[in-house]
Amino acid sequence: MSLDEMGLAATQLVGADTPGCGPLRGARQASSASLRQRIYEQVRSAGRISRAALAKELEVSPGSVTPLVSDLIATHLLRELEDETQHTGRGRPPVTLGVNPDRGLVAGLKVSDHEFSALLVDLAGHPVAQATLLRAAESRSVADLLRDVAMLYDRLMTAAGPGAPPVLGVGLGMPGMIDHASGRMRWSPIVAERDVDLQGLVSAQLGLPVSVDNDANLLTMAELWFGKGRSLSDFAVVTIEYGVGLGLVVDHAPYRGAHGLGMELGHTKVQLDGALCRCGQRGCLEAYVADFALVREAPIALDGALPPRGEVLATLYAQAKDGNEAARAIFDRAGRYLTLGIANVANLFDPRRIILSGSRMRYDFLYARELLEEVAGLTLNTPPPIEVNAWDDFVWARGAAALALSDLTPRLMA
C-alpha cells in the first residue's frame with residue numbers, strides 16, 4: 001500500500017482557517033451537559049451561527065433556544081453579530097451569535113526539558129499573546145518549576161498588555177505521568193520529586209484555577225479543538241519529542257485511562273532487557289526513538305565531536321542529510337521502532353486516523369516513505385490514514401489553552 005493510499009499528508013494546525021473552535025459534534029453525539037451549555041458550545045464550535053440554525057443543529061425547538069440565548073447574552077458569554085455575508089438587500093443585516101471574546105482569557109503553558117512556551121487565547125479561541133522561557137539546565141526541583149512557571153506567566157501577561165480581559169483559567173502540560181482528574185504529577189523525567197500536587201501548587205502560585213495534563217494530551221486537545229480532529233469521533237495522536245507520547249480521542253473526548261495515567265506508548269516494551277529508558281526500566285519504545293535516545297547514539301556518528309546540547313539533534317540530522325551513513329543509520333533504526341509503535345496503535349485501537357505530531361516531525365527520516373509503508377504489513381487490517389503535523393512549540397501551549405477552555409466551560413455555566 002502506498003502512502004497516498006494510507007492518507008499521509010502534511011498539515012499545519014496553528015493559524016487554521018476553520019471558524020470556531022472545539023469538537024464538531026452533531027446533535028446525536030452531544031454530551032450530557034445542560035442545553036444551556038450545549039448552546040454555548042455549539043456557538044463556539046461554529047464560530048458564528050443564527051438562532052434558527054442553532055436550534056436545527058441541536059434538534060430542539062426555537063422556543064427552547066431563545067430564553068437560554070438571551071441569558072447567555074445577558075451574562076456576556078455570547079454576543080450578537082451582524083452578518084454582512086448574508087445581507088443582500090436594504091435594512092439591517094441578519095443577526096448571528098458568537099462567543100464574546102472580551103468575557104475573559106485562558107492561558108496555556110507547556111513545560112519541557114529545555115524551553116517553556118505560553119499562549120493566551122480568548123474564549124472564542126483566538127490567540128492574544130505568547131511568550132517563551134529557556135529553562136536552566138540545573139533546574140530539577142518542583143520549587144524551580146514553580147518559579148519558572150510564574151516567570152513565564154508574567155512574561156505572557158506583559159505581552160498581553162494592561163488592557164487585556166481577566167484570565168479565568170490556566171492549562172499546564174508537561175512530560176510524564178500526570179493525572180488530570182486529581183491534578184497530581186506521579187512522575188516526570190524533568191523533575192526529581194514524585195507524586196506531587198502539581199495542580200494545587202501551580203494554582204496557589206498563580207492565584208487562578210489550573211488544569212494539568214500530560215504533554216501528549218495537549219497535542220491531542222489542540223487537534224481536537226483546532227485541527228484535523230475536530231469532526232472525528234475517534235483518532236490517535238503519536239508525538240515524538242523528549243519522549244514518545246500517545247493521545248487518544250474516543251467519542252469526541254480525550255481518553256486518559258482508569259487512573260488518568262494511560263496512553264503511555266513510549267513506555268510500552270519493544271525489546272526485553274533492552275536499552276535503558278529515563279523511567280528506569282529497559283526496552284521502552286522511547287529508549288529507541290525519543291530525543292535522548294538519538295543524542296545517546298550521536299557520538300558514534302559525530303566521531304565524539306558533540307556540539308552544544310541544544311544543537312546535537314540538528315547536527316545529527318544535517319549529517320544524515322549530507323550522506324553520513326552512521327547518522328542515517330541512527331534515524332533509520334529509530335524510524336523502524338516508530339513504525340512498530342504506530343502499527344501497535346492501529347492494532348490496539350483501530351482509530352479513524354493516526355496523526356504524527358510535534359516539532360520533531362521535521363526529522364523526516366523518522367517517517368520515511370518506505371518505513372511507514374511497513375505499517376500495513378504489521379497490522380491485521382488496513383491501517384488508518386496517517387497524517388503528519390510538523391509545528392513549532394506553540395502548538396503545545398495552544399493545546400494547554402484548549403484544556404483550560406474545556407475545564408472552564410462547566411464553571412462558566414454554573
Side-chain angles (χ1 to χ4, degrees), residues 13-16 19-22 40 43-44 47-48 72-82 97-112 115-136 139 143-174 198-213 218 221-222 225-226 391-414:
L13 175 65
V14 177
C21 70
Y40 178 76
V43 173
R44 182 175 59 195
R48 60 191 303 161
L72 289 167
I73 291 174
T75 53
H76 307 291
L77 290 169
L78 296 183
R79 62 176 179 169
E80 292 184 325
L81 305 166
E82 291 187 348
L97 300 169
V99 168
N100 179 11
D102 298 328
R103 177 65 168 78
L105 307 171
V106 298
L109 312 179
K110 195 262 184 172
V111 175
S112 66
E115 185 178 69
F116 296 176
S117 59
L119 187 69
L120 201 62
V121 306
D122 62 30
L123 295 189
H126 303 132
V128 173
Q130 63 188 41
T132 59
L133 177 71
L134 290 177
R135 184 187 187 211
S139 295
D144 292 335
L145 176 69
L146 293 174
R147 177 203 64 207
D148 291 345
V149 164
M151 188 180 304
L152 176 66
Y153 182 77
D154 287 344
R155 286 190 178 187
L156 184 64
M157 297 312 297
T158 298
V167 177
L168 305 179
V170 176
L172 182 143
M174 63 187 294
L198 181 66
Q199 177 178 324
L201 290 172
V202 177
S203 180
Q205 182 83 13
L206 301 181
L208 291 165
V210 173
S211 302
V212 299
D213 212 336
L218 298 189
M221 290 295 289
W225 275 66
F226 300 105
W391 307 311
D392 62 24
D393 198 52
F394 281 103
V395 71
W396 304 80
R398 192 164 191 179
L403 175 68
L405 284 172
S406 178
D407 287 354
L408 173 65
T409 301
R411 298 200 299 270
L412 291 175
M413 299 297 111

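One-based numbering along the sequence shown.
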If you measure from [atom1] on [X] to [atom2] on [Y], what distance do you get to the nearest 0.5 Å?
X: Met221; Y: Asp213; atom1: CE; atom2: CG; answer: 8.0 Å
X: Leu172; Y: Leu201; atom1: CG; atom2: CG; answer: 11.5 Å
X: Thr75; Y: Met413; atom1: OG1; atom2: CE; answer: 7.0 Å
X: Leu105; Y: Leu119; atom1: CG; atom2: CG; answer: 10.5 Å
X: Asn100; Y: Leu72; atom1: CG; atom2: CG; answer: 11.0 Å
X: Met157; Y: Leu152; atom1: CE; atom2: CG; answer: 12.0 Å

Taking all non-hydrogen atoms of both residues into account, name the closest pair between [X] and [Y] and its distance.
X: Asp122; Y: Leu405; answer: O-CD2, 4.2 Å
X: Gly104; Y: Pro165; answer: CA-CB, 4.0 Å
X: Ala150; Y: Gln205; answer: CB-NE2, 3.4 Å
X: Ala404; Y: Ala107; answer: CB-O, 4.2 Å
X: Phe226; Y: Gly125; answer: CE2-O, 3.7 Å
X: Leu218; Y: Lys110; answer: CD1-CG, 3.9 Å

Looking at [Y], is its backbone amide N or carbonyl O close enough to the side chain of [X] to form a donor-acceptor pair, meaning the two atoms are under 3.5 Å apart?
X: Thr158; Y: Asp154; value: yes
X: Arg135; Y: Phe116; value: no
X: Arg103; Y: Leu78; value: no

Determine whether [X] and [Y] make a side-chain contact, defined as any pair of heavy atoms from C-beta on separated by less than 4.5 Å.
X: Cys21; Y: His126; result: no
X: Leu403; Y: Trp225; result: no
X: Thr409; Y: Arg44; result: yes
X: Glu80; Y: Leu97; result: yes

Quick one: do Val167 and Leu208 satisfy side-chain contact (heavy atoms from CB on, under 4.5 Å)? Show the steps, please. CA-CA 8 Å; Val167 177; Leu208 291 165; 3.8 Å; yes
Check against side-chain contact (heavy atoms from CB on, under 4.5 Å), Leu408 and Leu123: CA-CA 10 Å; Leu408 173 65; Leu123 295 189; 3.8 Å; yes
